Amino acid sequence: MKLQAVKGTFDILPEEQSKWRFVYEVAQRVLEHAGVQELSPPIFEHSEVFTKSVGESADLVVQKEMYSFTDLGGRSLTLRPEFTAGVMRAFIEHGMQMCPSPIKLWSRGPAFRAEKPQKGRYRQFHQINCEILGLKHALVDAEAIALLYQIFSELGLKNLLVKLGSVGDPPDRKAYNQYLREQLGQVQDKLSEVSRERLKLNPMRVLDSKDEGDQAIVRELKRPLDFIGAEARAHFEEVKSYLRNWDIPFEIDDSIVRGLDYYNRTAFEFHHGDIGSQSALCGGGRYDGLVENMGGPKTPGVGWAFGIERVLLALEQDRAELPTQQRLALFLIPMDDEAVAEVAKFALGLRQRFSVEHAYTRRNPGKGLKEADRAGAVFAALRGSKEREAGSYQLKHLASGEQITVSQTQLADFLAARL
RNA sequence: GUGGAUGUAGCUCAGUAGGUUAGAGCACCGGAUUGUGGUUCCGGGGGUCGUGGGUUCAAAUCCCAUCAUCCACCCCA
């Protein structure tokens with residue numbers, strides 16, 4: 001059988017690297033300018049790190065999508081399906097609650113879920129994650145959203161849709177779930193099969209149903225927002241007023257829900273108009289109970305993560321200008337055997353300042369220049385017996401064809417002036 | 001997990017009423033052109049037609065299975 005990448009995984013090829021770096025660089029700049037520090041947790045953790053964090057209702061769904069294995073020491077380990085749990089574990093393990101609040105942490109890298117692959121949905125995918133811990137203020141929720149908005153804007157994304165909602169505090173959710181069970185329970189036989197299933201596990205997910213019959217029923221019901229308590233409502237209003245004040249456009253989604261138990265109050269998603277069924281670029285929200293759930297000190301927090309694959313898809317869809325590979329500055333062409341060693345040594349010195357490649361065997365000028373073109377070089381420099389006598393190179397600007405003789409001692413400075 | 005589409009050269013794709021040696025464009029290599037490139041012209045290499053079975057005198061083509069990709073659903077920490 002021919003070897004190939006595992007289902008749902010892919011190679012990032014050399015010509016694609018620059019756009020990935022672009023996303024990392026923009027995110028890093030925006031986040032670090034805001035005092036967010038990078039924390040890199042391991043790619044795998046004890047399985048309990050993830051099972052503890054997700055809560056019970058999600059167990060069934062979530063566990064079968066995790067890549068878990070037993071190592072040689074008999075430990076049950078899991079490849080991270082997301083960043084939050086690992087970051088929280090690190091936060092607790094290193095006693096970071098002692099740091100001045102808020103503690104802002106970001107992470108990047110691959111994560112793993114055993115889902116059925118599709119465009120924009122892979123088994124190894126890549127995320128940039130951000131958590132702001134230690135404060136309950138609405139200002140922090142707004143800042144988290146603002147950071148994300150700034151990253152997406154600087155990347156050049158258009159057609160962005162920011163959806164904002166609130167899932168309230170735990171008692172509010174309990175009350176709403178109770179309400180849904182009562183209301184939907186009465187019309188159970190009119191619901192789609194999928195929704196009946198959801199009704200058992202997580203009634204709020206019925207609101208997401210795409211079935212038209214379900215939608216008709218759901219439209220008559222009260223929304224999660226109708227159930228949130230006074231404090232959560234005040235918090236929500238405050239988040240909105242910050243965002244308005246900062247000119248960050250958003251729309252209220254009164255039925256926004258979260259798959260996991262640990263979320264409370266603010267929940268948000270960023271969507272992009274047209275990248276197929278996987279339109280969510282990012283999800284995030286507040287999770288005041290999480291750190292405590294995981295055995296740490298009571299610590300409020302807000303976080304988000306976005307998927308790089310989907311953001312790149314969205315950028316392509318928007319025809320955003322992405323940086324291309326950095327061009328090679330100079331390609332050295334040895335025209336006789338003696339020159340091969342000369343250009344190789346010359347290149348070593350020049351590489352302190354420029355990107356320089358050379359041919360590894362003798363070339364006649366025609367071949368050499370063709371090769372320089374293919375390497376994408378800005379300049380080519382030819383070296384043969386005449387140049388050796390003069391201690392020089394024939395330096396050629398490939399785009400214009402302009403060519404001059406430059407002494408080898410001055411070539412670096414000449415290049416620096418012209419690039 | 002459910003339903004559907006697709007799979008032929010490195011890439012994009014032709015090629016099926018089953019029938020010599022499976023094609024094109026791009027890319028690659030060589031030559032025209034041994035001290036000056038990108039154009040042009042000529043030539044060349046590269047395929048067990050995703051894989052495995054089956055039907056047949058004969059399969060890229062028909063049937064079954066399997067793997068992979070894509071689309072919708074599902075899920076989405």
Side-chain angles (χ1 to χ4, degrees), chain A residues 1-10 13 15 49-55 57-66 78 80-88 111-123 125 127 129 131 192-195 197-198 201-202 205 208-211 257-263 267 269 275-285 287 290 303-307 310 331 333-336 339 362-377 379-387 393-403 405:
Chain A
M1 184 184 123
K2 209 157 64 167
L3 293 179
Q4 55 183 306
V6 173
K7 179 174 180 157
T9 70
F10 57 93
L13 296 171
E15 61 268 26
V49 170
F50 302 113
T51 52
K52 259 192 182 172
S53 73
V54 294
S57 70
D59 264 14
L60 287 170
V61 189
V62 158
Q63 287 205 30
K64 69 178 181 196
E65 294 197 352
M66 297 203 300
T78 296
R80 65 184 178 208
E82 53 133 2
F83 281 81
T84 302
V87 172
M88 293 310 123
F112 307 83
R113 293 179 199 173
E115 293 185 280
K116 184 157 178 173
Q118 218 172 296
K119 192 174 199 170
R121 186 170 81 176
Y122 303 94
R123 291 183 167 183
F125 57 100
Q127 285 192 330
N129 181 80
E131 316 285 352
S192 68
E193 200 180 323
V194 172
S195 290
E197 202 53 39
R198 283 171 170 173
L201 283 173
N202 189 349
R205 301 270 358 254
D208 283 348
S209 174
K210 285 172 187 159
D211 184 274
V257 295
R258 285 279 93 117
L260 298 191
D261 290 344
Y262 58 65
Y263 284 100
E269 289 170 5
I275 54 171
S277 60
Q278 311 294 317
S279 75
L281 299 178
C282 163
Y287 48 77
L290 178 58
W304 50 251
F306 70 82
R310 289 187 194 177
F331 190 90
I333 302 163
M335 292 189 288
D336 57 30
R362 172 166 51 86
R363 290 280 187 281
N364 64 43
K367 284 273 175 296
L369 288 167
K370 196 169 179 177
E371 202 171 334
D373 259 335
R374 278 202 349 245
F379 285 95
L382 297 146
R383 174 79 165 191
S385 56
K386 291 179 200 162
E387 290 76 19
Y393 278 85
Q394 294 294 327
L395 185 67
K396 182 158 195 153
H397 186 249
L398 288 165
S400 65
E402 186 189 340
Q403 179 172 330
T405 304

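Just so it is clear, the structure is predicted and the values come from calculations on it, not from any experiment. These values consider heavy atoms only, across backbone and side chains, with no hydrogens, waters or symmetry-generated copies. Chain letters run A, B, ... following the sequence lines, proteins first, then strands; residues in each count from 1.
Out of rC74(B), rA77(B), rU69(B), the shortest distance to the side chain of Gln118(A) is found at rC74(B).
Straight-line distance from the CZ atom of Arg374(A) to the P atom of rC28(B): 6 Å, rounded to whole Å. If you take CD of Gln4(A) and C1' of rU69(B), they are 10 Å apart, rounded to a whole angstrom.
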Exercise. Report the secondary structure of RNA chain B in dot-bracket form, marking unpaired bases with a dot and bases paired to a different strand with |, and treating Watson-Crick or G-U pairs with both distances under 3.5 Å as paired.
Key: (((((((..((((.....[...)))).(((((.......))))).....(((((..]....))))))))))))....

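For Arg383(A), the salt bridge (charged side-chain N to carboxylate O under 4.0 Å, His left out) partners two or more places apart in sequence, or in a different chain, are Glu342(A). For Phe112(A), there are no ring-ring contact (aromatic ring centres under 6.0 Å, His included) partners at least two apart in sequence or on another chain. By the salt bridge (charged side-chain N to carboxylate O under 4.0 Å, His left out) test, Glu402(A) is found to be paired with Arg418(A), residues two or more places apart in sequence or in another chain being considered. Remark: Arg363(A) pairs with Thr361(A), Glu371(A) by the side-chain hydrogen bond (donor to acceptor under 3.5 Å, both in side chains) rule, at least two apart or across chains. Among residues two or more places apart in sequence or in another chain, the side-chain hydrogen bond (donor to acceptor under 3.5 Å, both in side chains) test is passed with Tyr393(A) by none. Judged as a side-chain hydrogen bond (donor to acceptor under 3.5 Å, both in side chains), and not counting sequence neighbours, the contacts of Glu269(A) are Arg258(A), His271(A). Taking the side-chain contact (heavy atoms from CB on, under 4.5 Å) definition, one finds that Arg362(A) meets it with Asp336(A), Asp337(A), sequence neighbours left out. Take Thr9(A) and apply the side-chain hydrogen bond (donor to acceptor under 3.5 Å, both in side chains) test, not counting sequence neighbours, and it matches no residue. Under the side-chain contact (heavy atoms from CB on, under 4.5 Å) criterion, Arg113(A) pairs with Pro81(A), Glu82(A), Glu115(A), Phe125(A), Gln127(A), not counting sequence neighbours.
Annotation: rA60(B) and rG43(B) have their P atoms spaced 29 Å apart (nearest Å). Separating the P atom of rC42(B) from that of rU51(B) is a span of 34 Å, rounded to the nearest Å.
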Quiz item: For nucleotides 2-10 of chain B, read 5' to 3', which letter fits each nucleotide if B means a protein heavy atom sits under 4.0 Å from the base, S means only the sugar-phosphate is that close, and - means neither?
Solution: B--------

Quiz item: In the 5'-to-3' direction, what one-character label does each nucleotide of nucleotides 31-44 of chain B receive under the scheme B = base within less than 4.0 Å of a protein heavy atom, S = sugar-phosphate only, - = no such atom?
Solution: S---BBBB------

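Residue Gly284(A) is out of contact with every strand shown, counting any heavy-atom pair closer than 4.0 Å.
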